[in-house]
Each structure stands twice: as C-alpha cells, then as structure tokens.
Asks: 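To start, I am sharing the structure in question, which I have written as structure tokens.
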Amino acid sequence: MSSPAYHAPETIEQAVALLAGDAGARPLAGGTDLIVQMRSGRNAPSAIVDLKRIAGLSGIRALPGGGFAIGAATACTSLKDDAALAAAWPGVVEAANLIGSVQVRNRATMAGNLCNASPAADSVPALVAAGATCLVAGPNGEREVPVEAIPASPGRTSLAPGEVVIEIRLPAQLGGDAYLRSIPRTEMDIAVVGAGVSLVLDAGGVCTSARVAIGAVAPTVVLVEAAGTALVGTRFDDAALEAAADAVRAACKPIDDKRGTAEYRTAMAGVLVKRTVRIALERAHNNQGRSQA
Amino acid sequence: MNAPENKQQFRLVGTRPVRPDGVEKVTGKAIYSPDFVAPGMLQGAVLRSPHPHAHIRGIDTKKAEALAGVKGVVTGQDFPQAADKLVAGAESASNLRWVAQKCMAIGKVYYEGQAVAAVAATSQAIAEAALKLIEVDYEVLPHVIAIEDALAQDAPVLHDDVFTQGLAEKPAKPSNASMRFAIERGDAKAAIAGAAASFTGCFTLQPVHQGYIEPHACVAQWQADGQAQIWCSSQGHFAIRAMTAGILQIGIADIRVHPLEIGGGFGGKTTVYLEPVAMLLSKKAGRPVRLTMKRTDIFRSTGPAPGAVIDITLAAAADGTLLGTEIEFKYHGGAFPGANEVYSGVGGAVGHYRVPNASIVGWNVLSNIPTMHAYRAPGAPQINFAVESAMDELAAQLGIDPIDLRLKNIVHPGEPSASGVPLGAIGYAEALEAAKAHPHWSSPVEAGQGRGVACGFWGNYGGPSTASVKLGEDGSVLVTEGSPDIGGSRASMAIMAAETLGVAYEKVRVTIADTSSIGFSMVTGGSRTTFATGKAVIQATEGVIEQLKDRAARTWGVDVAVVTWEDGAAVHGDQRLTLAQIAAKTGTTGGPISAEAVVDPHDFLPGFGVHICDTAVDRETGHVLVKRYTVVQDVGRAIHADYVEGQMQGGAVQGIGWALNEAYVYDRSGKLDNAGFLDYRMPVASDMPMIDTVMVEVPNPAHPYGVKGVGEVPIVPPLAAVGNAVSRATGIRMHDLPISPDRVYGLLRAAE
C-alpha cells in the first residue's frame, strides 16, 4: 500500500545518484509503459525518477556532420514535427509514430521504447537499422553504445545499476531508410513482426551498405547482418531480395503465441523485409536525386 | 392509429436535433456508473478464481478482516440458499440460482475469473491488499473449454444436476449439453436429395465480447432498517431490482435502483454481476460500497456472445428456389444453463426465406468459460453466418445474382413468420430492391477485391413500459420514463412528445426515473424502447392533450367534444388557447396537468437488412481490408435519423469486428489469454471505411409514427457479408471466424 517516491531531478548527475542509490528506482520518461505496468501490478518500483525536468533531455539537436541527437525525454510526436529529422530518417520517425495512439505518442519516447526492452518495440528495429547509438549516463560517467546493445531479453536491459539512457544519436543519412510492421489491425496494436532497413547506394545504384533489423521474432530485436550482406553489391534484383528474405527467415526464432504462430511470423518477416527494402530503396534514390540536383 | 403515409406532414419526426444529453457527455460531465459517489462510501474489490474448474473446500477470511481499514468481507456463504427460481424483467426469464453464481461462486468455481470473495475497505488499495490475505482452498478439477471437447464421452461434466432438456426422454446421465431445441417441417432429407444444387459445410465461430467501454460498476447502500438503494448503469434498472431482490430475498419496494448514464451495453448489461455483492458488503460494513470491474474482470467474468459449431446443408432448384435445409448447431453456452440464444438461433436461421422443408436442431453446450449473455440480436449472427454463406455458394453454383437469389426466396407480408404468425408490413423486398439500385452494387469490383452481400433479420420486441407526461407552469413539458437511454432514446421520446403536442422539441425534457419514481419498464433490449416506451410516451401525451382540451372547454364554457387540438393549441371556432396559456392558468382551472400510460404492446414488427461489402485481400500476408460497406435496412420510420443511421453503422462495425479479428483465446490451462483491448481486437476507426447507410422506410402501422426496432438487425448480416466478400476475393470459402491474417495466409498457402 506504500506509494513509490517521486523524484524530479534537474541534472543528469542527480538522476544517476537517485537511481544508483535505490535498486528499486525506475526512470520515467513518457511513462506509457511504466505507469501501465505499475497499474497492472507487473512492476512495483520503490521510487520514480522523472527525466523530463532535466535540461537538454527534451528535444532534438543537429550534430556536426549531419547527424541528430534526440534527448531521452523527447516525445515521439516531436520527432515528426522536426522537419530535418523527418526528412533524413523517415523510417525511424514513422516507426516511433506507430507506437500506441496519438495520445500515447504525445508522451512516449524512443528511449523508453528501447529500455522497456520489448522484442516488439516498433522504434528499435528502425534505430538498429539506422546504426543509431545511445548515450548512457551512470555512476562511472557516460558511455556511447549501439542501440542493439541495450535490450538483453524481454523486459531486461544490459544497463548497469544506476545507468540511464540520456540520448539517442542518429548518424548523417547517406541513403534511405524504412520500417514496416505487421499487425492484424491498421493501428493501435503491437507488432507481430517488424522490419527496419537502412540502405546506402553508389552513384550507379549499387548497394554499398545495408542494415536489416527485425522485431518480434526473437527475444530481442535482431540485426540480421547476413541480410545486409545479401544486398550489398546488388541493384536489388529479385534474387537479392529473396536472398535477404531467406537470411531474415533463418534469423527468426519466434514463439507461438496469441499474437501469431512461429510459422506465420517467420513467413511475414520475409515478406516485410522485401517490402521495407523497396521503400528504403526509393527513398535512397530520391535522396540521391536531391543531392545531385 | 394508422401511420401517416407522407413523411412531409411531420414537423419533427425524421429530423436531427441535438440530443439533450449531448453537451454533458462530450464535456465529460455526465455521471456514469464508476463516477457516482455516495457520502461515506467504501471501496470494494473482488477476489477471482485462478482456476477454470474447482471445488472450494474452504475460504479463510480472518487475516483480511483483521487488516486495518477493512470493513467487511463477503463470500458465497453469505448468499441466501439459492434454489431454482425464475425472475422476469430482462429479455428472458433468468434462473436466480445461476444468476447468483455469476455474482459469486457458491461452493464451486466454473470458470477462471469467477468471483469467490469480496472486500469493502476505506480505500481501494486496502481493499486490494486484503484480497491477497484471503486464503481459498481449491480442489482443482479437470476443465473443458471447446464445444466439441465438452461433448466428448470422457469430458468433465460441469453440473451433476443438469440433464439435456428438450429430448423425448430425460437422459440417464447429466451432460454438458444443457438443452436441445428443434424445428422440423416437411421432409428436408428428401428435398435435398432431389435438388439441382446444394451446399454442405461446417462453420465455426469463437465467443466474442460485447465490448462496452464503461465497466460494470455500482454503489449500494443497504440500511439497518432493511431498505436499500443502488446506483448503477444498466440496460434496465427494474431488472437489476428484480434480480437483486430475488437473490437477496428482500422485498421489491425495499430496493430503489437509480439509473446512471450508460456507456454501452449491447445486451451485456441486462443482468447483475456486482449489485448483490455490493449490497452484502454494504450490509456488513454499514456504509455505501462501490464495486467497479477492471477490464480483465469484464472479459473473464461477464457474458460473451456464444461461439458456435454449425453444420448446414442448403438446397435449391435450378431456378434458385430454395427446397430444403438441414442445420445442426451447437452454441458455446459457458458455465451455466438458461440462455435464450439457441431458441433465436433455431427460429431465426432461415426465418427470412421460404424454405418448405427444414430440419433445424440447436444445442446449448456448457463448458468452463463465462456464461453467454445477450449481445445485439442474441443468437442470430452466428447461425446467419452459416446460412448466408450457404446462400452465396448456391448463387455461385447456379450462376444467379446473389441479390436476385434472395429476392426469389424472401418472405413477404402475410406469409408465416418463423413463429408461424403471419408477417405484417415488413420491408424486406423494398430493402433488397434498394440495395440492388444502390451505386455500390452496380459499381465494378476493383481488381484484387471481392464483393459480398448478405441479408439478415431480427424479430424485435415490444413489452411493458411506463411513461408519464407533466406540464410545467411555464408551458414546458416533462416526460418521465423508465427505459435507460443507450442510443439517443431521450431525443426520440422528446421528438415524439413534441410532435404529438405540437410544441417545440426544446420545450420537452426527458428524465429516466428510478424504480420508485416511475412504473415498471422492461430492459432497453430487443430493439423495443423507441417502439414500446415511445408508445407509452405518446399515449401519456395524448392523455395530457385531453386534459388541455378539457381546460380550454371549461374556460370557454363549451363541450370538450367540440374542442380540437391543433399545432400546440386548443381550438374552437376562432378561439384559441396555446399550451403555455393553459399551463399558466392550471392553478385556477383544476390543478396540475399530468398523465401516465402503461403499455405492453406486441404489435411490433421484425426488421430486415441487406449489407454489401467489398474487401481487398493481401495475398502475401493474409490481411483483409474492408474497402467499401453499405447497409440497407427497413427501419419502419426513423424518429431521429442520426441515431437510426448510427445504429446501422455501429451494428455493422461490431459485426465486421466479429468477422475479422475478435475472439476469446484460451490457453491450455483454461485461462483467457487475451483479456484486454490490446489482444482482444475490436476494430479501430482506421480499420473502417465510411459505412454508407440507406434507411428504407416501410412504417409499422401499429405505431403512431411507424416505428420498428432498428438496433439489432445491423449486426446480423456483416459476418457473412465479410465472409462472402473474402471468399469471392480469394476463391476460398471462409468457414471459420475470425478471418484473421494468419488464418487467411494459411488458407491461401494451402490452396497453392
């Protein structure tokens, strides 16, 4: 019957100290997972450390060289409102804006989506495909790690006690990206399968780099390096797409549950990857056209 | 009381004024069940069984009672001994013995989520903490979930005193098949054998929930002198009173039930789940007690509509004339017997067609899931899915346009209805002709899509209602009735009273009164309210008009017989007294003006609908998208057109959800695996196209304004309309609901 303590620190150092000093404390950004889990009894933190009052944790900064730094408390809706970010990384922005409903996205953050460590998190495959990193603050200072290093298993992260993600960083866009998910309805749902793709082309349209990540088909979001390899050096002919799909299906280790059978999930991962590659490819071509013009 | 032929003569009937409860609702100020607060109120919480089937050896509540802040604990032992007793008031009579156990297990649990104990405490947190201190000693029993499993020879039998009803002889052994009901006419077997075309198939459906947004909730106050009050939302507070009084064995006049705004019911709020429990807690605690269900409780412990297994053969001559049908279906009745769906399933199966030879057999099958409860046209959508799918197959086999095939076989006015009584002024043929003439039907089917059509009907109902009409001193009009307003009925009652009186719509205010302030009114169900309660309102209004004419006659010193009522005024020659003028003088002309009417009409008429659906199927993923949907329905006459169209759209959307994604999913341990709106997938707005509606108005001559029930018909055809559309898009007959992406994907791959 005791309610958790609520802290609203104003600096990262204070937040880290509060988290490090209480093993039961949990950081709160949008709260769209944490509060729901508390209400259902799945999560009973001893303290809540609200990140939203910390200067610099809300908002998007352009980085030198064309990248972006997104504060951990930045709501998904704000990503859509940032024209430069939305133009550079439409796959990431769209993925973040598939989470929940409009009302949820006005609160929810990508950092929270990442640290909730659901294998079905929509923004994570798109971030992994994009080669995004995150800045982690902790008792021993800050470290920058790839996004895919954060989730450890369903509901668990690799963060050490007292550590908190404070920023997500996207590199400069050199090609195009996309994210698609499969759900039974058209919105307000959780991915049965999700696929994020990021591509870079040379002037002749040949793939020079490809990252493919899939969600909801394994305990964590998976970066399928073999799928990227299957695309590099090709012009995305049917055989290359099929080879990428084969690699993705081989990487699937899904479970049978109420949201889909293992067989259906594996099959959909292949279908989605091909569709996602086509969208990313079109965007990469468009970006190339723009940069040449 | 002949329905006028020309709609133009009505000032208000058929218009679309703002509903009187609208502003309160859209500004969030309306008081729904979970909002009501009584002074000194305690918070309650309910402990629910984790097991689908178990004996309760004992419940130890001592630790919970000892927790500071706990004011009362209730278990099944606090319920009076419940014997078989039928209580009327809802759509069908309810056996209190079963109703009581839907409120709280008494010695045995029959489904996961059944209530086993309840606590009242000074806060919600304390009440919930106390639940954890209650020790229940369960002897877990083998459980059974699926219909076919429950009928297996070695299936666990839920009740040792339930023997199949409706057989020629009482069976020797108890059974999960609680009842059989059949209609036999002609020689179905011979007719099918000699037919030019026939279709045979087995169709399955899963249980689905009514899905109202407002949770079940109530506040009960049972005083030391034995008198009690309950505040709750329901589809019928007189039914809540009857069941609560019956279960607790107290007098009807000792319980006063106050209706609150209702946030959806769809048939599911015609019974009690919480009220008797809150009453017992209040009695123990000596204070008012609130109980509110969580969404997971609603899914686990309140009535879904039954799933079904349906075997059908339907046969026709070469010209499409239906010759015979054999149908045997099993409905998924849940834990307790007694629901009505099997009767309506048998009666409604082919009630919209002339089928000279028919053998229709229905079974109710019990298993360890919550007991089925009424859901919009209860029992009809399931059987209709099989019948209208079979019609689609016959149309394809015979190369006949599916609308023409139906036109050839439909029932017409004067022909026997499903119950044998001749049909009155139904508008089925008119609805089919309107569908045929609609641009949707003549538009080309887009590439990769399929178009389905399906028809369906619902018998509707009349039944008892009470209404009173009073005049305010300023000439305003107060209507009081006892029918909870689910779909805009206060607006419709105000329109009918204002139309009859000849005054402005805004002059009439409608109150839904508590059980002690107005006479008995049956539940808002069976699509009866605008029809039956409307009749009561009109009759009471006419009683007021008689009094107004009488006052005018006295004022003028003439015989009342020569006074007429025209456009809101008493008229005699060139003399005229308006309603407001008469109302202002009631103090000196004989006192206040008021009239009450009690009705129990049975001259209601069934409604018929025709739905057209276009779907696109993603052949790689199995996703189905509804691209275009049109609802055509004989509505009698629309009183408030917005709310008639709204019923047509809402029913269609619920039916589409049933067809595409909604289903109860049980895990191997007999627990419901999707007890929430995330994984129990009702349609969201972006899943739906704009649902086009066509109101076909063939008035009911037995109602002053031609009303027929409209709320239930539109959920009947969509299951088959969607199924037929997907079948035509894929070339594969859809036998099983829901038509979910993984199922369609599997069917498409298997067909390759």
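Sequence lines set the chain letters: A, B, ... in the order given, protein chains first and strands last, and positions in each chain run from 1.
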Asks: Should the pair Y664(B) and Y666(B) be assigned to parallel (<30°), tilted (30 to 60°) or perpendicular (>60°) ring geometry?
Replies: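 Y664(B) and Y666(B): tilted rings.
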Asks: Do H623(B) and T621(B) have a side chain donor and acceptor closer than 3.5 Å?
Replies: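 Yes, side-chain donor-acceptor contact under 3.5 Å.
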Asks: Between N661(B) and chain A, which part of the residue has a heavy atom less than 4.5 Å away: side chain, backbone, both or neither?
Replies: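 For N661(B), the contact with chain A is made by the side chain alone.
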Asks: Can you tell me which portion of L660(B) sits under 4.5 Å from chain A's heavy atoms? Options are side chain, backbone, both or neither.
Replies: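 Answer is neither: L660(B) stays 4.5 Å or more from chain A.
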Asks: Considering only NZ, NE, NH1 and NH2 on the basic side and carboxylate oxygens on the acidic side, decide whether R265(A) and D257(A) come within less than 4.0 Å.
Replies: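 Yes.
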Asks: Given heavy-atom pairs under 4.5 angstrom as the criterion, report whether the side chain, backbone, both or neither of D679(B) touches chain A.
Replies: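 Contact with chain A is through the side chain of D679(B) alone.
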Asks: For I183(A), is it the side chain, the backbone, both or neither that has a heavy atom under 4.5 Å from a heavy atom of chain B?
Replies: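 It is the backbone, since no side chain atom gets that close.
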Asks: Between N116(A) and Q37(A), do the side chains contain a donor N or O and an acceptor N or O under 3.5 Å apart?
Replies: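 Side-chain D/A pair, Q37(A) to N116(A): present.
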Asks: For chain A, which candidate among D667(B), V684(B), L625(B), V665(B) shows the most heavy-atom pairs at distances under 4.5 Å?
Replies: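 It is V684(B).
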Asks: Taking atom types as modelled and ignoring hydrogens, do the side chains of Y212(B) and T302(B) form a donor-acceptor contact shorter than 3.5 angstrom?
Replies: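 Per modelled atom types, Y212(B) and T302(B) side chains form a pair under 3.5 Å.
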